[in-house]
Amino acid sequence: MRMQRFKQALLGLAGAAVAAGTLSLWGCGGSGVTVNDTAQTQPGNGWTWQLPANFPTPKVPADNPMSAAKVELGRFLFYDKRLSGNGTQSCASCHHQDKAFTDGRITAVGSTGAIHPRNSQGLANVAYHPTLTWANPSLLSLEAQMQVPLFSETPVELGVNDGNVAEILARLSGDARYPSLFAAAYPGVDAPISWANITRAIASFQRTLISGHSRYDQFLQGTVTLTESERRGLDLFNSEKAECFHCHAGFNFNDQVVHASTQVLDIPFHNTGLYNLGGTGNFPAGNQGLFELTEKPADRGRFRAASLRNVGVTAPICTTAAWPRWRRCWTSMPPVVATSPAAQTRAMAGRTPTRAT
């Protein structure tokens, strides 16, 4: 009960108001994509975004403004295994820079060995996601989402709990670097080493993980010419025959985007017809999408469409990583996008669903 109150207090705070470097990755369009985890700053504690062409300014909570010192602190914390209860995992354990901040596993594994029902999502361009995780419309900020890996009990992720919450803070306080890093990030605060400030710092660092220099981006800027094969793929991607663009559009190749100038926010979730258990459109227990929170039958199997940025290194694909490679995902995808179990059942009539039992 004490931990529950503690987490609720942190959520209220969040709702109010490897070495650093640049890594070339394979991304959408089939060429190098830059994932940048370095601070882009002005002198002092000011902050200047250095964004790819056509990228809007990210939305930042009023109570957690960007600063060079806060991002630097968040970077240290992101890679520090002492932030987990048993000292075996850091955020980076499930979010590897060379995989666009995924981990390549079929499903994630927590610090205590607990197997998760879904795979770790990539963090590149996470600053532009209005909802976080695969299917939770209530997690609307990185600060709020950070409570999940820290304090989750089923399954355990980093494993912070009543028995170690104070001990972990003591580990950080006893480190030679952290007192000065926290003081620089939160000047004038009497006791800056706190869970609320840990959350804010890591969220600030995550907002700097910007990816936007693929061959496709360069094509839009007029600096490269697509091959004939790439051009055919682009035309098919944006056609009604393939219909990819309905869920994977815009600069981030998804359909949930928020930025500093957003006026109207749309947060769609989709059922792609991957499962049809019992002929009812049902999905496996523990992987039923929004239904697990809303208990509305129409929400069975509805998940957030993931960005296709860096898809060349973020396999395995989809929520439960059913496919090890993108080609297999594409050839196995049912040709339906149903919005309800009834609609999906009608669409599936006369054919064998991809994952039916």
Side-chain angles (χ1 to χ4, degrees), residues 11 13-17 22 27-29 33-71 74 100-101 121-146 199-214 216-223 237-238 244-270 303-311:
L11 283 169
L13 286 171
T22 299
C28 189
V33 166
T34 296
V35 174
N36 185 0
D37 74 349
T38 61
Q40 307 296 324
T41 67
Q42 292 177 326
N45 274 358
W47 183 262
T48 297
W49 291 103
Q50 294 186 7
L51 301 169
N54 303 318
F55 273 46
T57 301
K59 182 179 181 180
V60 177
D63 72 327
N64 190 24
M66 300 292 290
S67 75
K70 199 182 300 179
V71 170
F101 296 95
Q121 292 188 307
L123 297 181
N125 295 344
V126 72
Y128 296 106
H129 295 338
T131 68
L132 287 305
T133 74
W134 284 105
N136 191 334
S138 66
L139 292 176
L140 302 177
S141 73
L142 289 167
E143 289 81 2
Q145 189 277 332
M146 190 63 206
T199 295
R200 293 185 178 115
I202 293 176
S204 295
F205 169 70
Q206 289 175 319
R207 290 190 174 98
T208 71
L209 306 179
I210 302 296
S211 173
H213 194 58
S214 69
Y216 181 70
D217 295 303
Q218 296 170 55
F219 161 71
L220 292 180
Q221 297 161 24
T223 59
F237 186 95
N238 289 321
C244 309
F245 72 97
H246 289 300
C247 296
H248 303 285
F251 74 94
N252 205 34
F253 294 94
N254 62 347
D255 61 355
Q256 283 195 20
V257 174
V258 67
H259 50 79
S261 299
T262 298
Q263 299 297 315
V264 178
L265 183 61
D266 188 23
I267 51 173
F269 293 83
H270 309 281
F303 292 90
R304 179 172 67 85
S307 170
L308 297 186
R309 285 277 176 189
N310 306 298
V311 71

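Atoms considered below: every heavy atom in the structure, side chains included; atoms not considered: hydrogens, waters and symmetry mates.
- Side-chain atoms of R200 and D63, non-hydrogen and from C-beta on, do get closer than 4.5 Å to each other.
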Q: Would you sort out whether N252 and H129 count as a side-chain contact (heavy atoms from CB on, under 4.5 Å), showing the intermediate values?
A: CA-CA 9 Å; N252 205 34; H129 295 338; 3.5 Å; yes
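- Shown here are the side-chain contact (heavy atoms from CB on, under 4.5 Å) partners of T133, two or more places apart in sequence or in another chain: N136, L139, Q145.
- Among all heavy-atom pairs drawn from G212 and P52, the shortest one is O-CB, 3.4 Å.
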Q: Could you give me the CA-CA distance, side-chain angles and deciding distance for W47 and T208, then say whether side-chain contact (heavy atoms from CB on, under 4.5 Å) is met?
A: CA-CA 11 Å; W47 183 262; T208 71; 3.6 Å; yes
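- Ring geometry for H248 versus F237: interplanar angle of 30 to 60°, hence tilted.
- For the ring-ring contact (aromatic ring centres under 6.0 Å, His included) test, residues two or more places apart in sequence or in another chain that qualify with F251 are F55, Y128.
- For T223, the side-chain contact (heavy atoms from CB on, under 4.5 Å) partners two or more places apart in sequence, or in a different chain, are Q218, Q221.
- In this structure a side-chain-to-backbone donor-acceptor pair under 3.5 Å is present from Q256 to P268.
- F269 places a side-chain heavy atom less than 4.5 Å from the side chain of T131.
- Residues L132 and L142 share a closest heavy-atom pair of CD1-CD2, 3.9 Å.
- Distance check: S214 OG to L220 CG gives 8.0 Å after rounding to the nearest 0.5 Å.
- Listed by chain and residue number, W134 satisfy the side-chain contact (heavy atoms from CB on, under 4.5 Å) test with A306 (two or more places apart in sequence, or in another chain).
- In terms of heavy-atom proximity, P130 sits nearest to L265 at CB-CD1, 3.7 Å.
- When atom types are taken as modelled, the side chain of K70 and the backbone of A203 share no donor-acceptor pair closer than 3.5 angstrom.
- Scanning for side-chain hydrogen bond (donor to acceptor under 3.5 Å, both in side chains) contacts around Q121 gives R304, with sequence neighbours left out.
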Q: Give the C-alpha distance, both sets of side-chain angles, the deciding distance and a yes or no for side-chain contact (heavy atoms from CB on, under 4.5 Å) between N125 and I210.
A: CA-CA 5 Å; N125 295 344; I210 302 296; 3.8 Å; yes
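- Partners of V60 by side-chain contact (heavy atoms from CB on, under 4.5 Å), not counting sequence neighbours, listed by chain and number: W49, M66, R207.
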Side-chain donor/acceptor pairs under 3.5 Å, residues 257-264, sequence neighbours excluded:
| residue | atom | partner | partner atom | Å |
| --- | --- | --- | --- | --- |
| H259 | ND1 | S261 | N | 3.2 |
| T262 | OG1 | H259 | N | 2.8 |
| T262 | OG1 | H259 | O | 3.2 |
| Q263 | NE2 | S261 | O | 3.4 |

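- The closest side-chain heavy-atom distance from S211 to N310 is below 4.5 Å.
- The nearest pair of heavy atoms linking D255 to A305 is OD1-CB, 3.7 Å.
- With hydrogens and angles disregarded, no donor-acceptor distance shorter than 3.5 Å links the side chain of T199 to the backbone of M146.
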